[in-house]
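Structure first, then comments.
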Amino acid sequence: MSAPIGSITAAVLGVADFGPHLDFYCGELGYAVAAEGVVEAATADRLWGEGAGDVEVRSLAAAGAATGRIHLLKVNDPVASAVHPHTLDLGVAGINLYTRDIAASYERLRAAGHPWISPPQAYDVPVGERTVQVVEGYCLGPGGVPVVFVEPAGPRPTAAWLADPERRHTELTSVVCHVPDFEAELRFWAALGMSAGYDVTFAAPGLDTMADLPPGTRLRLAFLAGPDGGTTRIEMIRADRPRVDRRSAQRPAHGLGHTAWSARTDDLDEAVARAAGAGGRVRCRPFAAATPLHGTSRLAMVETPNGVHVELWQPRHVSDR
């Protein structure tokens, strides 16, 4: 098996109250609740760490897409208050998605009370010997979650837009992390089958404005994707001037905001072995459980060399032994 995972299935968000998130993602962005229920304490404590307790959950999907979902976990006893991480803070950061009309998204969400760092910005990024213009906007979503909207000049195919070409927004197109050891993270994800087809270092005034960066900030940016996976890529960044280290509070079912990622695999034991062999830490070894988020599955939790929590899961039929 060459690729234990092909895409990120979902971003895991810790919430104090489902209401603002459902209003934002479902009411404004057109997501729908695909699954809901409770992950019982025995499973939650094993997967996400002792003390999680019974965890109420919701899985949100765009046009039924199987990847790029949003998993909401209601946190019983948060380790810290919800804070929007800055792009230069270490740890997981924004969640990104495509919009057909970024100006309309900006006006609609601002009118609904969701602030943006700035109006949407256009800037050039290098692609080989040429540059491509990107138009993005950075919205401060509910509960400390940064949401970056991208109006692509040439969008990659997404499941949501294939299913419903008229909808405004897609499933998640990337999940973002700022890591101090870029090469270690690249090696980790390569072992799991995701490689960087795009890896550049650049600076752009429009990016500085959009992400509230000091003028002239140079970022290393890489997009990691599997050979035949779903929509959602990993967007890794590295800056020379990191700010706050947010990673200790980014614990699924214990922290608020964007705390972890979920990824499906067809061979969980192989995926966990590769993660451990590539410098990752195994937080929870594979076990069988049934949850509203994964159905009847085998589950595990690993941590990347840079402290990003990744939930790995493999669908399991009732007849499987």
Side-chain angles (χ1 to χ4, degrees), residues 8 11-16 75 78-97 114-121 123-126 134 136-150 172-186 188-189 196 198-224 233-252 254-261 279-281 303-310:
I8 299 300
V12 180
L13 311 185
V15 308
V75 180
V79 296
S81 301
V83 176
H84 287 98
H86 190 274
T87 300
L88 297 182
D89 292 349
L90 296 176
V92 292
I95 55 176
N96 296 12
L97 66 156
H114 302 289
W116 294 53
I117 288 178
S118 75
Q121 300 291 313
Y123 61 92
D124 292 333
V125 295
V134 175
E136 293 186 335
Y138 193 122
C139 178
L140 301 178
V145 181
V147 183
V148 176
F149 292 83
V150 182
L172 300 185
T173 52
S174 61
V175 290
V176 186
C177 63
H178 182 189
V179 298
D181 191 337
F182 212 88
E183 300 304 330
E185 201 76 2
L186 285 175
F188 175 88
W189 289 107
Y198 180 83
D199 185 347
V200 298
T201 300
F202 73 107
L207 175 61
D208 294 344
T209 302
M210 187 275 293
D212 186 31
L213 301 174
T217 297
R218 289 183 63 78
L219 289 181
R220 183 177 178 186
L221 168 66
F223 285 101
L224 279 63
R233 301 180 295 181
I234 294 169
E235 183 174 338
M236 275 172 43
I237 62 172
R238 174 74 176 93
D240 293 334
R241 292 175 277 186
R243 298 197 336 168
V244 179
D245 191 338
R246 301 282 180 194
R247 291 174 291 179
S248 64
Q250 294 176 338
R251 297 168 49 206
H254 296 273
L256 299 175
H258 187 189
T259 59
W261 304 333
R281 178 180 179 185
E303 189 177 322
T304 78
N306 284 279
V308 177
H309 288 83
V310 184

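Just the heavy atoms: all of them, side chains too, but no hydrogens, waters or symmetry mates, feed the values below.
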| H86/L213 under side chain to side chain contact (heavy atoms under 4.5 Å, CB included): CA gap, chis, key distance, verdict | CA-CA 9 Å; H86 190 274; L213 301 174; 3.9 Å; yes
| query | Are V310 and W189 close enough, and set up right, to give a side chain to side chain contact (heavy atoms under 4.5 Å, CB included), and what steps lead you there? | reply | CA-CA 11 Å; V310 184; W189 289 107; 3.7 Å; yes
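Pairing each heavy atom of A211 with each of T87, the nearest pair is CB-OG1, 3.6 Å. Closest heavy-atom contact between V79 and G255: CG2-CA, 4.1 Å. Residue V83 comes nearest to P85 through the heavy atom pair O-CD, 3.1 Å, listed as atom of the first residue, atom of the second, then distance. Closest of all the heavy-atom pairs between V176 and H258 is O-CE1, 4.3 Å. Scanning all heavy atoms of the two residues, the minimum distance from G14 to V75 falls at CA-CG2, 3.8 Å. For the residue pair C177 and I234, the shortest heavy atom distance occurs at SG-CG2, 4.5 Å.
Note on ring orientation: taking the six-membered ring where Trp is involved, the planes of F149 and W116 are parallel (angle under 30°, cut-offs 30° and 60°). Between Y123 and F202, the two ring planes are parallel [angle under 30°; tilted spans 30° to 60°].
Between the side chains of Q121 and Y138, no donor-acceptor pair of N or O atoms lies under 3.5 Å.
Atom CZ of R281 is separated from atom CZ of F188 by 13.0 Å, given to the nearest 0.5 angstrom. Atoms CD1 and CD, on I95 and E235 in that order, are 12.5 Å from each other to the nearest 0.5 Å. With rounding to the nearest 0.5 Å, the separation of CG in N96 from CZ in F223 is 7.0 Å.
T259 places a side-chain N or O within donor-acceptor distance of the main-chain N or O of V12, the cut-off being under 3.5 Å. Using modelled atom types, one side-chain atom of H309 and one backbone atom of Q250 make a donor-acceptor pair closer than 3.5 Å. In this structure a side-chain-to-backbone donor-acceptor pair under 3.5 Å is missing from N306 to A184.
R247 has its side chain within reach of P180: a pair of non-hydrogen atoms, C-beta onward, lies under 4.5 Å apart. Counting only heavy atoms from C-beta outward, the side chains of V308 and E185 approach each other to under 4.5 Å. With a 4.5 Å cut-off on side-chain heavy atoms, V147 and V145 count as touching. Side-chain atoms of P126 and Y198, non-hydrogen and from C-beta on, do get closer than 4.5 Å to each other. Between P214 and L88, some side-chain heavy-atom pair lies under the 4.5 Å cut-off.
Take D212 and apply the salt bridge (charged side-chain N to carboxylate O under 4.0 Å, His left out) test, not counting sequence neighbours, and it matches no residue. A222 meets the side chain to side chain contact (heavy atoms under 4.5 Å, CB included) test with F182, A196, D199, L224; sequence neighbours excluded.
Residues in residues 85-96 take part in these salt bridge (charged side-chain N to carboxylate O under 4.0 Å, His left out) pairs, two or more places apart or across chains: D89-R243, D89-R246.
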